[in-house]
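As a basis for the values below, the full set of heavy atoms in this structure was taken, side chains included, without hydrogen atoms, waters or symmetry mates. Residue numbering restarts at 1 for every chain, and letters A, B, ... go by the order of the sequence lines.
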Amino acid sequence: GEDVEQSLFLSVREGDSSVINCTYTDSSSTYLYWYKQEPGAGLQLLTYIFSNMDMKQDQRLTVLLNKKDKHLSLRIADTQTGDSAIYFCARGGYSTLTFGKGTMLLVSP
Amino acid sequence: EAGVAQSPRYKIIEKRQSVAFWCNPISGHATLYWYQQILGQGPKLLIQFQNNGVVDDSQLPKDRFSAERLKGVDSTLKIQPAKLEDSAVYLCASTVPGQGHEQFFGPGTRLTVL
């Protein structure tokens, strides 16, 4: 199987919370990341978590890391239509990044 | 601070032709990466430079792909000859080695091989 796996699609209504999930097999990475990619654009780093942390909150974003289950999640509170994009989970550190295939988030009004 | 610059933004070629992409990283970023992102997938590393030296090119198809960063600043990635399966977005990223782990990505070059 893939090293980093994500569900492919998530649809929510504006104002709801979105939760995007990711699992990984290699636990040697220093950091785990969430990137956002809008159509025709490069990747924008949203947030990251150090591998020895369990949770990180940054405004509307909450990252949860379950090291035992090798599971990472990104919660977006009060999701807006501008949050519609592809979200990539990645693992890495002071070297190359290994990405999942991305989760397309569609936010409907 | 200017971001990572890439050109061209779009390129359409026929198979067996050659193509080159250019990347100018953020000023002062010594580490530069080229990624290939095929439609529907996440980016995959092709090559990593630190200054003008290659750190990792294990995933670069060296029979047709080449990359250089002669002066340790901007970089070019070349494909010769192109195949249909090379159709993808080629992303460049940069970071400051030893001081940061965050990679900053350019907008990418979308290559279509017909």
Side-chain angles (χ1 to χ4, degrees), chain A residues 1-9 20-26 28-53 56 58 61 63 72 74 85-106, chain B residues 2-11 21 23-26 29-50 54-60 67 88-112:
Chain A
E2 296 289 330
D3 183 359
V4 180
E5 292 197 358
Q6 304 178 234
S7 51
L8 294 182
F9 184 76
I20 302 172
N21 295 299
C22 170
T23 58
Y24 56 94
T25 55
D26 186 336
S28 65
S29 298
T30 308
Y31 293 95
L32 293 132
Y33 303 84
W34 285 104
Y35 279 85
K36 177 183 180 182
Q37 187 175 38
E38 295 182 83
L43 277 76
Q44 173 196 354
L45 178 64
L46 282 179
T47 187
Y48 62 89
I49 188 167
F50 191 50
S51 58
N52 70 354
M53 295 172 62
K56 180 179 179 181
D58 184 359
L61 306 178
V63 179
L72 182 74
L74 173 70
I86 300 176
Y87 290 80
F88 290 93
C89 168
R91 62 168 189 84
Y94 292 89
S95 183
T96 61
L97 297 174
T98 301
F99 288 87
K101 291 188 176 181
T103 299
M104 179 179 290
L105 174 64
L106 180 64
Chain B
V4 177
Q6 290 189 247
S7 68
R9 290 296 312 278
Y10 305 92
K11 190 73 178 177
F21 314 126
C23 171
N24 192 13
I26 294 172
H29 282 200
T31 304
L32 184 148
Y33 309 81
W34 283 103
Y35 289 86
Q36 180 193 56
Q37 185 180 16
I38 292 173
L39 185 65
Q41 296 186 20
K44 285 196 165 79
L45 180 74
L46 290 174
I47 189 167
Q48 176 189 352
F49 291 95
Q50 183 158 327
V54 175
V55 174
D56 182 358
D57 65 355
S58 57
Q59 302 299 312
L60 188 73
V89 176
Y90 291 85
L91 294 163
C92 180
S94 70
T95 193
V96 181
Q99 295 182 31
H101 57 93
E102 300 173 33
Q103 293 187 22
F104 296 87
F105 283 80
T109 296
R110 181 176 296 276
L111 173 67
T112 301

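Contact of A:Q44 with chain B is not made at all, since no heavy-atom distance falls under 4.5 Å. The part of B:Q48 that comes within reach of chain A is its side chain, from C-beta onward, which places non-hydrogen atoms under 4.5 angstrom from that chain. The contact between A:L97 and chain B is made by backbone and side chain atoms together, counting heavy-atom distances below 4.5 Å. Only the side chain of B:Q37 has a heavy atom closer than 4.5 Å to any heavy atom of chain A.
In this structure, B:Q59 places its CD atom where only 12 or fewer heavy-atom neighbours from other residues, nucleotides or ligands lie under 6.0 Å away. Dense packing is recorded around NZ of A:K56, with more than 12 heavy atoms of other residues, nucleotides or ligands lying under 6.0 Å away.
Distance OH/A:Y33 to CD/B:E102: 7.5 Å, rounded to 0.5 Å. One finds the OH atom of A:Y35 at 5.0 Å from the CZ atom of B:F105 (value rounded to the nearest 0.5 Å).
Between the side chain of B:R9 and the backbone N or O of A:G40, at least one donor-acceptor pair lies under 3.5 Å.
Taking every heavy atom of both residues into account, B:L91 and A:G42 meet most closely at CD2-CA, 4.2 Å.
Proximity of A:L43 to B:Y35: side-chain heavy atoms (C-beta onward) are nowhere separated by under 4.5 Å.
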